[in-house]
Amino acid sequence: MCVYVPDCRNKRRVADFKAQQREEDAIPSPASRSIEDIFVFAAKAAQRATKTDGDADIAPEIWDDFHSSGLAVSPLPEELGGASLWDPRHGERLCEVLRALGGADLSIARLYEGHLNAIGLVCRYGSREQIEDLAAHVAAGALSAVWGADDAEALTIVSGEGGEVLKGRKILASGAGFVTRPLVTAGGALGQQMCLLDLEPGYVHDISGWRAQGMRATATGTVQFTGRRVGEREIVGAPGDFMRQPHFSGGAWRFCAAHVGATERLVDLFRDHLRSSGRGEDAYQLERLAGCVADATTARLWVEEAARRLASDIDAEGIVAFANITRMVVERSALNVIERVQRGVGLRAFVRPNDVERVCRDLATYLRQPVPDLAMSDGARAFLTSVTPVGEF
Ligand SMILES: Cc1cc2nc3c(=O)[nH]c(=O)nc-3n(C[C@H](O)[C@H](O)[C@H](O)COP(=O)(O)OP(=O)(O)OC[C@H]3O[C@@H](n4cnc5c(N)ncnc54)[C@H](O)[C@@H]3O)c2cc1C
């Protein structure tokens with residue numbers, strides 16, 4: 001019986017990878033070698049996920065493995081030592097990585113997705129010097145993140161003594177305290193600007209308010225920036241680049257892929273429970289299991305297609321509309337699976353320590369993403385105003 005789900009998936013994936021490599025290329029590329037290590041890392045992270053959740057902290061040895069597996073550098077361009085996973089053309093491969101991490105430990109998946117997103121934005125909009133500088137820091141162990149969420153004290157760029165400075169703070173910033181190369185958004189005279197910062201260890205942050213039911217190890221909190229100098233060196237791209245389409249909304253498939261990984265994990269755990277408890281032949285449980293398989297697979301297929309469409313980079317409006325509807329499908333599928341698994345397992349699904357309990361908690365929390373109603377209705381409106389048949393939409 002497959003008790004340790006990610007490892008089982010890993011073995012199959014690694015085997016598939018190796019077979020594919022033998023066929024396509026006698027010498028594996030650096031990219032494919034590092035991807036194999038990432039799946040091995042995911043399997044180890046899954047084994048430690050209960051402790052990570054209990055401690056609300058990712059242990060130093062997990063970070064060591066994270067770096068030595070090549071995960072930290074994997075978003076970087078290949079010529080700078082990475083696997084180019086920032087590049088949407090590698091979306092299919094990234095989707096596998098995010099699903100594996102999501103199935104292993106959603107907190108780690110969240111931190112990795114933010115790190116990759118920041119590197120992607122710098123690679124897309126930044127200067128060569130900024131890309132190389134960030135790559136050097138990441139290779140030396142630094143983590144990045146995108147800190148975009150604001151409260152009433154929204155971060156702005158203002159004139160200060162001897163140049164421009166930041167005023168305000170960021171909220172809901174994951175990795176607060178240990179991310180040292182965050183990409184933050186700040187209001188400037190000409191619009192929203194991205195700033196790639198280089199923070200000193202011990203910078204002012206506060207994660208004491210992070211009392212969420214799940215995603216406890218993400219160190220999500222507030223970071224104060226008032227008085228920090230920003231110059232040309234820190235400014236990435238032009239005003240408005242951060243929300244430029246199709247990549248702003250189209251990139252939502254990445255967090256959806258992490259959600260799918262956790263949803264798939266729940267389905268596998270449910271099957272394990274039904275088999276070990278001898279309750280699997282019950283007609284109602286089989287109906288639940290069928291629904292779970294259908295929902296998890298539907299969500300995966302939507303996410304894979306959303307990644308493919310973003311990689312194609314044609315029809316920006318279509319890419320955005322598809323990603324918006326993908327968010328709806330993935331959220332609904334995950335909520336369906338959570339409900340079926342909790343009802344099918346019963347009270348044990350709510351008692352710690354239990355992987356089902358933890359994954360449900362993390363997934364329910366991470367599913368809360370910005371403006372879901374708007375994303376869904378924008379997707380629907382794009383179809384409403386088009387004349388394309390739905391089968392070609
Ligand atoms: C684990 C975790 C880590 C995170 N890490 C980061 C990070 O590193 N960086 C970062 O920038 N952010 C981060 N975030 C924040 C995230 O990007 C979103 O800002 C946050 O999750 C939004 O959730 P919400 O439910 O409050 O969204 P909301 O957008 O407030 O949605 C809540 C509900 O209100 C509705 N709604 C929204 N606006 C309106 C409106 N104007 N009128 C009527 N209804 C409305 C929505 O459709 C939804 O039903 C993180 C979030 C989580 C859960």
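Since we're looking at a predicted model, the values are computed, not measured. Indexing begins at 1, ligand by ligand and atom by atom, following the structure's order.
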**OP:** Please check atom 38 (N) of ligand 1 for a protein heavy-atom neighbour under 4.0 Å.
**Re:** yes
Original post:
Is the backbone N or O of Val267 less than 3.5 Å from a side-chain atom of Arg340, with the two atoms forming a donor-acceptor pair by type?
Top reply: no
Original post:
Can you tell me the protein heavy atom closest to atom 17 (O) of ligand 1 and the distance?
Top reply: Pro370 CG, 3.9 Å
Subject >> Distance-only N or O hit between ligand 1 and Ala149, under 3.5 Å >> reply: yes
Original post:
Which residue owns the protein heavy atom closest to atom 24 (P) of ligand 1, what's the atom, and how far is it?
Top reply: Gln369 O, 4.4 Å
Original post:
Do the side chain of Asp87 and the main chain of His90 share a donor and acceptor less than 3.5 angstrom apart?
Top reply: no
**OP:** Say whether Ala145 and ligand 1 are in contact under the criterion: heavy-atom distance to a ligand atom below 4.0 Å.
**Re:** no
**OP:** Take atom 51 (C) of ligand 1 and look for protein heavy atoms under 4.0 Å from it; say yes if you find one, no if not.
**Re:** no
**OP:** Group every Ile, Leu, Val, Met, Phe, Trp and Tyr by side-chain heavy-atom contacts under 4.5 Å, then state whether Leu80 and Tyr112 land in the same group.
**Re:** no
**OP:** Take Asn336 and Asp295, measure what side-chain hydrogen bond (donor to acceptor under 3.5 Å, both in side chains) needs, and give me the verdict at the end.
**Re:** CA-CA 7 Å; Asn336 287 345; Asp295 270 320; 3.3 Å; yes
Original post:
Does Arg216 come within less than 4.0 Å of Asp57, counting only side-chain N to carboxylate O?
Top reply: no
Original post:
For atom 45 (C) of ligand 1, is the nearest protein heavy atom under 4.0 Å away?
Top reply: no
Original post:
Who pairs with Asp55 by side chain to side chain donor-acceptor pair (under 3.5 Å), at least two apart in sequence or on another chain?
Top reply: Lys51
Original post:
Is it the side chain (CB and beyond), the backbone, both or neither of Lys170 that lies under 4.0 Å from ligand 1, heavy atoms counted?
Top reply: neither
Original post:
Is the closest heavy atom of Gly114 to ligand 1 under 4.0 Å?
Top reply: no
Original post:
Knowing that exactly one of Leu166, Val230, Val204, Thr156 qualifies, which makes a side-chain contact (heavy atoms from CB on, under 4.5 Å) with Phe225?
Top reply: Leu166
Original post:
Are any non-hydrogen protein atoms located under 4.0 Å from atom 34 (O) of ligand 1?
Top reply: no
Subject >> Trp210 N/O to ligand 1 N/O under 3.5 Å >> reply: no
Original post:
Any idea which part of Val146 is under 4.0 Å from ligand 1, heavy-atom wise: side chain, backbone, both or neither?
Top reply: backbone
Subject >> Polar proximity ligand 1 side, Thr218 side, N/O cut 3.5 Å exclusive >> reply: no
**OP:** Would you verify that at least one protein heavy atom lies under 4.0 Å from atom 12 (N) of ligand 1, or report that none does?
**Re:** yes
**OP:** Answer yes or no: is there an ion pair linking Glu339 with Arg288, defined by an N-O contact shorter than 4.0 Å?
**Re:** no
**OP:** Could you say whether the N/O atoms of Thr365 and ligand 1 ever approach to under 3.5 Å?
**Re:** no
Subject >> Distance from atom 23 (O) of ligand 1 to nearest protein heavy atom, with residue and atom >> reply: Arg368 O, 3.8 Å
Subject >> Heavy atom of protein inside 4.0 Å of atom 48 (C) of ligand 1, strictly below >> reply: yes
**OP:** Kindly determine whether Thr226 and Gln224 satisfy side-chain hydrogen bond (donor to acceptor under 3.5 Å, both in side chains), including the steps that lead there.
**Re:** CA-CA 6 Å; Thr226 299; Gln224 184 58 249; 2.7 Å; yes
Original post:
Could Arg327 and Glu331 be called an ion pair, given the rule that one side-chain N must be under 4.0 Å from one carboxylate O?
Top reply: no
**OP:** Determine, considering heavy atoms only, which of Glu113, Met215, Met376, His115 sits nearest to atom 1 (C) of ligand 1.
**Re:** Met215
Subject >> Any protein heavy atom < 4.0 Å from atom 3 (C) of ligand 1 >> reply: yes
**OP:** Identify, by atom number and element, the atoms of ligand 1 in contact range of Pro372, meaning under 4.0 Å from any of its heavy atoms.
**Re:** 31 (O), 46 (C), 47 (O), 48 (C)
Subject >> Within-cutoff protein neighbour (heavy atom, under 4.0 Å) for atom 9 (N) of ligand 1 >> reply: yes
Report, one line per pair, each donor and acceptor closer than 3.5 Å where one atom sits in a side chain of residues 170-179; sequence neighbours left out.
from	atom 1	to	atom 2	distance (Å)
Lys170	NZ	Gly148	O	3.1
Lys170	NZ	Asp150	OD1	2.8
Lys170	NZ	Asp150	OD2	3.2
Lys170	NZ	Thr185	O	2.8
Lys170	NZ	Thr185	OG1	2.9
Ser174	OG	Thr220	OG1	2.9

Original post:
Can any side-chain N or O of Arg99 pair as donor or acceptor with the backbone N or O of Ala257 at less than 3.5 Å?
Top reply: no
Subject >> Closest protein heavy atom (residue, atom, distance) for atom 5 (N) of ligand 1 >> reply: Ser174 OG, 2.8 Å
Subject >> ligand 1 N/O within reach of Ile171 N/O, cut-off under 3.5 Å >> reply: no
Original post:
So, the side chain of Ser74 versus the backbone of Gly82: is there a donor-acceptor pair under 3.5 Å, distance only?
Top reply: no
Original post:
Short list, please: which atoms of ligand 1 are under 4.0 Å from a heavy atom of Gly148?
Top reply: 10 (C), 11 (O)
Subject >> Side-chain donor or acceptor of His115 paired with backbone N/O of Ser144 under 3.5 Å >> reply: yes
Original post:
Do NZ/NE/NH1/NH2 and the carboxylate oxygens of Asp65 and Lys44 come within less than 4.0 Å?
Top reply: yes
Subject >> N or O pair under 3.5 Å between Val371 and ligand 1 >> reply: yes
Original post:
With a cut-off of 4.0 Å, which atoms of ligand 1 are near a heavy atom of Asp373?
Top reply: 35 (C), 46 (C), 47 (O), 49 (O)
Subject >> Residue and atom name of the nearest protein heavy atom (relative to atom 14 (N) of ligand 1), distance in Å to one decimal >> reply: Leu172 O, 3.7 Å
Subject >> N/O separation below 3.5 Å, Thr220 to ligand 1 >> reply: no
Subject >> Carboxylate-amine/guanidinium proximity below 4.0 Å for Arg229 and Glu164 >> reply: no
